[in-house]
Amino acid sequence: MSAPSSVPTVPLDAAAVGEALAAMRGHAPLVQCLTNVVVAQWTANVLLAVGASPSMVDNPEEAGPFAAVADGVLVNLGTPQEATVAAMHGAVSAAAAAGTPWVLDPVGVGGLAWRSRVVVDLLAHASPALVRGNPSEILAFAGGGSGGRGPESVDAAEDALDAGRALAREHGTIVAVSGEVDHLTDGTRLVRVANGHRWLTQVTGGGCALGALMAAFAATTDDPLLAATAATATYTVAAEVAAERAAGPGSFAVALLDSLATLNPQELTEKVVLR
Ligand code: ATP
Ligand code: TZP
Ligand code: MG
Ligand code: MG
């Protein structure tokens with residue numbers, strides 16, 4: 001496996017990122033979220049604020065039929081139960097049949113055995129368009145690392161880059177590794193997004209909601225690496241704007257919803273830092 005520094009970086013056009021935001025808002029994609037109980041409301045609020053349409057259809061009877069008509073699907077393993085896992089199988093299977101992009105957030109994978117097997121089983125249906133996780137989750141998913149501390153990472157994004165690149169190639173997907181600088185790769189190309197604010201780590205769902213945003217952009221952007229980049233840029237630039245108005249994590253969370261709603265494509269293009 002080659003060193004992270006050998007991965008070619010693609011300074012994706014900042015203008016294309018702004019255009020992806022405009023396109024996403026123009027379509028207001030219906031995003032089905034099978035996510036964890038901690039972050040469901042926050043995730044729905046983030047999607048609504050940015051201009052997408054969330055629906056948390058996560059029971060085994062309805063998840064499959066709903067995925068057949070949704071524009072994008074998020075599968076987040078944060079608090080899995082047997083019923084929600086059955087719903088995830090139905091949703092992923094139906095999304096694959098419909099050609100609908102699905103995003104996998106393998107929360108806690110590696111450190112917890114049952115959900116690690118769930119991820120392997122879900123991948124048997126089809127590869128996700130995107131995998132979004134913290135560095136420990138990406139390392140564990142690829143078969144390395146020691147697992148995280150519950151849902152939190154104990155590793156740095158750079159240290160998970162080789163694992164992310166290998167995963168992306170193996171599954172034909174985009175892997176997004178979160179951190180102070182987000183690292184996004186399709187296994188060959190690498191995009192770094194250097195926006196954001198540390199308060200995102202002090203609001204629960206800081207990473208989980210980004211997965212939902214990736215599903216919204218994947219539904220309306222042909223290039224999945226651009227979709228991941230535009231979602232990350234939108235979220236992290238809005239976070240920077242919000243932090244200027246906030247006093248701490250609480251007021252920041254409220255301000256972030258405001259800035260997601262008011263962020264315009266031109267401002268996004270001007271403020272995104274792509275490396
Ligand atoms: P964890 O599971 O460990 O909480 P996560 O990937 O779910 O990780 P966060 O670490 O909370 O979520 O990160 C969410 C987003 O916040 C990242 O994708 C990144 O854009 C941004 N971010 C994280 N840490 C920082 C930081 N120190 N400075 C600026 N932005 C950050
Ligand atoms: N426990 C299970 S899932 C979850 C917690 C606290 C939320 C994790 O959110 P994030 O986005 O990974 O910080
Ligand atoms: Mg977090
Ligand atoms: Mg997380």
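One-based numbering, in listed order, for ligands and for the atoms of each.
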Return the minimal non-hydrogen interatomic distance between A219 and P29, and the atom names on each side.
CB-CB, 3.9 Å
Best match, G78, G150, C208: closest heavy atom to atom 9 (O) of ligand 2:
C208
Hey, is H197 touching ligand 1 through its side chain, its backbone, both or neither, going by heavy atoms under 4.0 Å?
backbone
Identify whether V272 and L256 are in the same connected component of the hydrophobic contact network (ILVMFWY, side-chain heavy atoms under 4.5 Å).
yes
Any idea which protein heavy atom is nearest atom 7 (O) of ligand 1, and the distance to it?
R132 NH2, 3.2 Å
Nearest protein heavy atom to atom 7 (C) of ligand 2, by residue and atom, and its distance?
T204 OG1, 3.5 Å
Using a 4.5 Å cut-off on heavy atoms from C-beta on, say whether the side chain of H183 contacts that of L190.
yes
Could you tell me which non-hydrogen atom of G18 sits nearest to which non-hydrogen atom of P265, and how far apart they are?
O-CB, 3.3 Å
Qualifying residue, where the test is side chain to side chain contact (heavy atoms under 4.5 Å, CB included) with L34 and the options are L77, V73, T84, V85:
V73
When hydrophobic residues are tied together by side-chain contacts of less than 4.5 Å, even through go-betweens, does L30 share a cluster with V103?
no
Distance from E137 atom CD to S153 atom OG, nearest 0.5 Å?
7.0 Å
At a 4.0 Å threshold, what atoms of ligand 1 neighbour a non-hydrogen atom of G196?
29 (C), 30 (N)
May I ask you to check if ligand 2 and V39 share an N or O to N or O distance below 3.5 Å?
no
At what distance is the nearest protein heavy atom to atom 22 (N) of ligand 1, and which residue and atom is it?
G179 O, 3.5 Å
Close N or O approach (G207, ligand 2; < 3.5 Å)
yes
Looking at atom 10 (O) of ligand 1, what's its closest protein heavy atom, distance included?
T201 CG2, 3.8 Å
Check: of P80, G133, P151, min heavy-atom distance to atom 1 (N) of ligand 2 comes from P151
Provide the number and element of each atom of ligand 1 under 4.0 Å from a heavy atom of L210.
18 (O)
Heteroatom distance test (E152, ligand 1): nitrogen or oxygen, under 3.5 angstrom
yes
Closer than 4.0 Å to some heavy atom of P151 - which atoms of ligand 1 meet that?
1 (P), 2 (O), 3 (O)
Pull out every atom of ligand 2 sitting under 4.0 Å from any heavy atom of N36, numbered as shown with elements.
3 (S)
Protein contact to atom 13 (O) of ligand 2 [nearest heavy atom, distance to 0.1 Å]
G205 N, 3.8 Å
Atom 8 (O) of ligand 1 [closest protein heavy-atom partner, distance rounded to 0.1 Å]:
N134 CB, 3.4 Å
Where W114 and E82 come nearest, the two heavy atoms and their spacing
CH2-N, 3.9 Å
Flag side-chain contact, heavy atom, 4.5 Å: L263 against V237
yes
Looking only at atom types and distance, does a side-chain atom of S127 sit under 3.5 Å from a main-chain N or O of H171, one as donor and one as acceptor?
yes
Counting heavy atoms under 4.0 Å, the part of T232 that contacts ligand 1 is neither
Note the single closest protein heavy atom to atom 26 (C) of ligand 1, along with its residue, its atom name and the distance in Å.
E180 CA, 3.6 Å
Indicate, as side chain, backbone, both or neither, the part of D182 found under 4.0 angstrom from ligand 1 when only non-hydrogen atoms are considered.
side chain
Residue T236 vicinity, atoms of ligand 1 by number, heavy atom under 4.0 Å:
20 (O)
Using a cut-off of 6.0 Å, state whether more than 12 heavy atoms not belonging to H125 lie near its atom NE2.
yes
Short side-chain donor-acceptor distance under 3.5 Å, D155 and S136:
yes
Nearest protein heavy-atom contact for atom 4 (C) of ligand 2: which residue, which atom, what distance?
V38 CG2, 3.9 Å
Could you tell me whether some N/O pair between S153 and ligand 1 is separated by less than 3.5 angstrom?
yes
What atoms of ligand 1 come closer than 4.0 angstrom to any heavy atom of G206?
14 (C)
Atom 21 (C) of ligand 1: nearest protein contact (heavy atom, Å):
L200 CD1, 3.5 Å
Where is the tightest heavy-atom contact between M24 and A52, given as atom of each residue plus distance?
SD-CB, 4.2 Å
Identify the protein heavy atom lying closest to atom 6 (O) of ligand 1, giving its residue, its atom name and the separation to 0.1 Å.
S178 OG, 2.4 Å
Closest heavy-atom pair, A194 versus V181, reported as atoms and distance to 0.1 Å, is CB-CG2, 4.2 Å
How close do P106 and F141 get, heavy atom to heavy atom, and via which atoms?
CG-CD1, 4.1 Å
